[in-house]
Amino acid sequence: MSKIIAITSGKGGTGKSTICSELGFALAKQGHRTLIIELDFGLRCLDIMLGVKDNITYDLGNVLKGECDIYKATTPVKLASNLSIVCAPEDPFAKVDAETISNICNEMRKYYEYIIVDTSAGTNESVFDVVEQSDLILVNTTPDPICVRDARLMSDEFYKRGNKKQRLIINKVDPDIFKADIIPDLDNIIDTVGVQLIGVIPSDNEVVISTGKGIPLPSNSLAFRAFDAISKRIKGEDVPLSFKVLLQ
Ligand SMILES: Nc1ncnc2c1ncn2[C@@H]1O[C@H](COP(=O)(O)OP(=O)(O)OP(=O)(O)O)[C@@H](O)[C@H]1O
Ligand SMILES: [Mg+2]
């Protein structure tokens, strides 16, 4: 059974693409065939984050223009044997409709256990429809109140349209709060967004280094443990949300 997982947020820069690449690395490392489809038109970044910027011959833009099929536009990630990427079109105004993307995702379900969809911030109508139809929506926010409010607005819209399979990721949390395991502020964030928490990711400079170099996170980093735990919860494993457990 394959699963389409879409990462979304209200505001930009909350860590959607980072979450896509790190969850991709984590699931692939655990032996799952994983595909990332980047839908941030005109602002591709996952080729850098996954270390394949010099290996992209075709991207989703070529598929949408009929210049190649989706298989040709799928690039394997060298550093993760089970991971591949379909990069976003370089043209910010590339024409797309939700049905075309949904058809592509459904075609790729045959070959991949997890299809992770990266999106742009806010609302592009077609991408919104694709997210709404996914099997799991990961709503992403930072602790910043503006991001939290916008995450709530996005999530409400998905609920209104009938997608109840949403989980919350709070990213860029102060590492001291993360380690202390005392989270009154995080409880407020969860209440405000109104979505069940699936994981908290500390602010960790290793994330910036790894995504900049296009390599997986070191396995002794705080962020690695956070992403590893989230990937296992996505698979239905019972990994406690307590950070103390993560830090053991
Ligand atoms: N946990 C983290 N710790 C430290 N830095 C982080 C973390 N998560 C993301 N970042 C940094 O935050 C910046 C924005 O991240 P990213 O590009 O993943 O956000 P985004 O939501 O995809 O942005 P956009 O809305 O523009 O697509 C990047 O510089 C990234 O390295
Ligand atoms: Mg992004």
Side-chain angles (χ1 to χ4, degrees), residues 5-26 36-53 56 59-60 77 85-90 92 94 116-124 126-128 130-131 137-144 146-155 167-179 183 185-186 189 193 197-231 243 246-247:
I5 304 167
I7 323 284
T8 186
S9 72
K11 255 191 92 58
T14 52
K16 296 176 294 298
S17 303
T18 302
I19 292 168
C20 283
S21 64
E22 300 308 344
L23 287 182
F25 274 129
I36 299 176
I37 301 182
E38 184 179 38
L39 295 184
D40 197 349
F41 288 23
L43 294 171
R44 95 164 38 152
C45 65
L46 282 164
D47 55 335
I48 294 179
M49 291 184 170
L50 297 169
V52 291
K53 73 175 168 42
I56 309 296
D59 60 32
L60 189 59
V77 173
I85 167 87
V86 176
C87 281
E90 283 177 316
I116 304 176
V117 178
D118 187 21
T119 65
S120 52
T123 33
N124 161 320
S126 303
V127 174
F128 204 92
V130 173
V131 175
I137 301 177
L138 295 177
V139 179
N140 159 229
T141 185
T142 69
D144 169 23
I146 297 165
C147 294
V148 173
R149 200 254 317 262
D150 290 352
R152 166 80 193 220
L153 295 174
M154 289 295 279
S155 165
R167 290 291 180 271
L168 178 65
I169 294 181
I170 306 174
N171 187 25
K172 302 192 190 181
V173 172
D174 178 336
D176 290 334
I177 296 177
F178 184 87
K179 286 182 201 157
I183 52 167
D185 292 349
L186 298 188
I189 294 171
V193 181
L197 187 69
I198 194 167
V200 175
I201 302 159
S203 194
D204 184 343
N205 204 35
E206 294 288 358
V207 170
V208 183
I209 296 169
S210 297
T211 52
K213 287 186 176 165
I215 57 174
L217 280 165
S219 53
N220 61 355
S221 62
L222 266 185
F224 175 90
R225 284 180 245 189
F227 282 113
D228 187 63
I230 294 172
S231 65
F243 315 124
L246 275 185
L247 294 169

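Keep in mind it's a predicted model, so treat the numbers as computed, not measured. Numbering of ligands and ligand atoms starts at 1, following listing order. Side-chain atoms are counted along with the backbone in the values below, which use heavy atoms only and exclude waters and symmetry mates.
- Crowding of Ile209 atom CD1: a count of heavy atoms from other residues, nucleotides or ligands under 6.0 Å exceeding 12.
- Here the straight-line distance linking atom CG of Leu60 with atom CG of Asp40 works out to 12.0 Å at 0.5 Å rounding.
- Of the candidates Val117, Ile5, Ile7, Thr8, Thr8 is the only one forming a side chain to side chain contact (heavy atoms under 4.5 Å, CB included) with Ile137.
- Counting heavy atoms under 4.0 Å from ligand 1, residue Asn171 touches it through the side chain alone.
- When the heavy atoms of Thr14, Thr211, Asp204 are ranked by distance to atom 4 (C) of ligand 1, first place goes to Asp204.
- Not a single N or O atom of Ser120, backbone or side chain, sits closer than 3.5 Å to an N or O atom of ligand 1.
- At a 4.0 Å heavy-atom cut-off, ligand 1 does not touch Ala223 at all.
- Thr119 contributes atom OG1, which lies 10.5 Å from atom CD of Glu38 (distance to the nearest 0.5 angstrom).
- Under a 3.5 Å cut-off, the side chain of Ser210 and the backbone N or O of Glu206 do form a donor-acceptor pair.
- In this structure, the protein non-hydrogen atom closest to atom 13 (C) of ligand 1 is Lys172 NZ, 3.8 Å.
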- Message: Set out, in order, the CA-CA distance, both residues' side-chain angles and the distance that settles side-chain contact (heavy atoms from CB on, under 4.5 Å) for Ile169 and Ile198, then state yes or no.
- Response: CA-CA 6 Å; Ile169 294 181; Ile198 194 167; 3.6 Å; yes

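- Within the listing of ligand 1, atoms 1 (N), 2 (C), 3 (N) sit less than 4.0 angstrom from a heavy atom of Pro202.
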- Run the numbers on Met49 and Thr18 for side-chain contact (heavy atoms from CB on, under 4.5 Å), then give the verdict. CA-CA 8 Å; Met49 291 184 170; Thr18 302; 3.7 Å; yes

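- Taking 4.5 Å as the limit, every side-chain heavy atom of Ile48 sits out of range of all side-chain heavy atoms of Thr211.
- From the protein, the heavy atom lying nearest to atom 17 (O) of ligand 1 is Met49 CE, 4.0 Å.
- Of the protein's heavy atoms, Lys16 N, 3.4 Å lies nearest to atom 20 (P) of ligand 1.
- Interface atoms of ligand 1 facing Ile201, defined by a heavy-atom separation under 4.0 Å, are 1 (N).
- Between Ser203 and ligand 1 there is a heavy-atom distance shorter than 4.0 Å.
- Between the choices Ser9, Gly10, Gly13, the shortest heavy-atom distance to atom 23 (O) of ligand 1 belongs to Gly13.
- Under 4.0 angstrom from ligand 1, the non-hydrogen atoms of Asp40 all belong to its side chain.
- In this structure, Pro143 and Val173 have side chains that are in contact, with non-hydrogen atoms separated by less than 4.5 Å.
- Closer than 4.0 Å to atom 28 (C) of ligand 1 lies none of the heavy atoms of the protein.
- No donor-acceptor pair closer than 3.5 Å links the side chain of Asn140 to the backbone N or O of Ser9.
- With a heavy-atom cut-off of 4.0 Å, Val207 touches ligand 1 through its side chain alone.
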- Message: Let's go through Ile201 and Ile19 carefully: what are the C-alpha distance in whole Å and the side-chain angles of both, what is the deciding distance for side-chain contact (heavy atoms from CB on, under 4.5 Å) to 0.1 Å, and is it a yes or a no?
- Response: CA-CA 9 Å; Ile201 302 159; Ile19 292 168; 4.1 Å; yes

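- To the nearest 0.5 Å, the span separating NZ on Lys172 from CG on Asp144 amounts to 10.0 Å.
- The nearest non-hydrogen atom to atom 15 (O) of ligand 1, considering only Leu222, Thr18, Thr8, comes from Thr18.
- Judged by distance alone, the side chain of Asp204 and the main-chain N or O of Ala223 form a donor-acceptor pair under 3.5 Å.
- Around the Mg ion (ligand 2), protein N, O or S atoms at less than 2.8 Å comprise Ser17 OG.
- Side chain of Arg225 to backbone of Asn220: a donor-acceptor contact under 3.5 angstrom is found.
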- Message: Set out, in order, the CA-CA distance, both residues' side-chain angles and the distance that settles side-chain contact (heavy atoms from CB on, under 4.5 Å) for Ser120 and Lys16, then state yes or no.
- Response: CA-CA 8 Å; Ser120 52; Lys16 296 176 294 298; 5.9 Å; no

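- Of all protein heavy atoms, the one closest to atom 5 (N) of ligand 1 is Val208 CG2, 3.5 Å.
- At the shortest separation from atom 19 (O) of ligand 1 among protein heavy atoms lies Gly15 N, 3.1 Å.
- Close contacts of ligand 1 with Gly12, meaning ligand atoms under 4.0 Å from a residue heavy atom, involve 25 (O).
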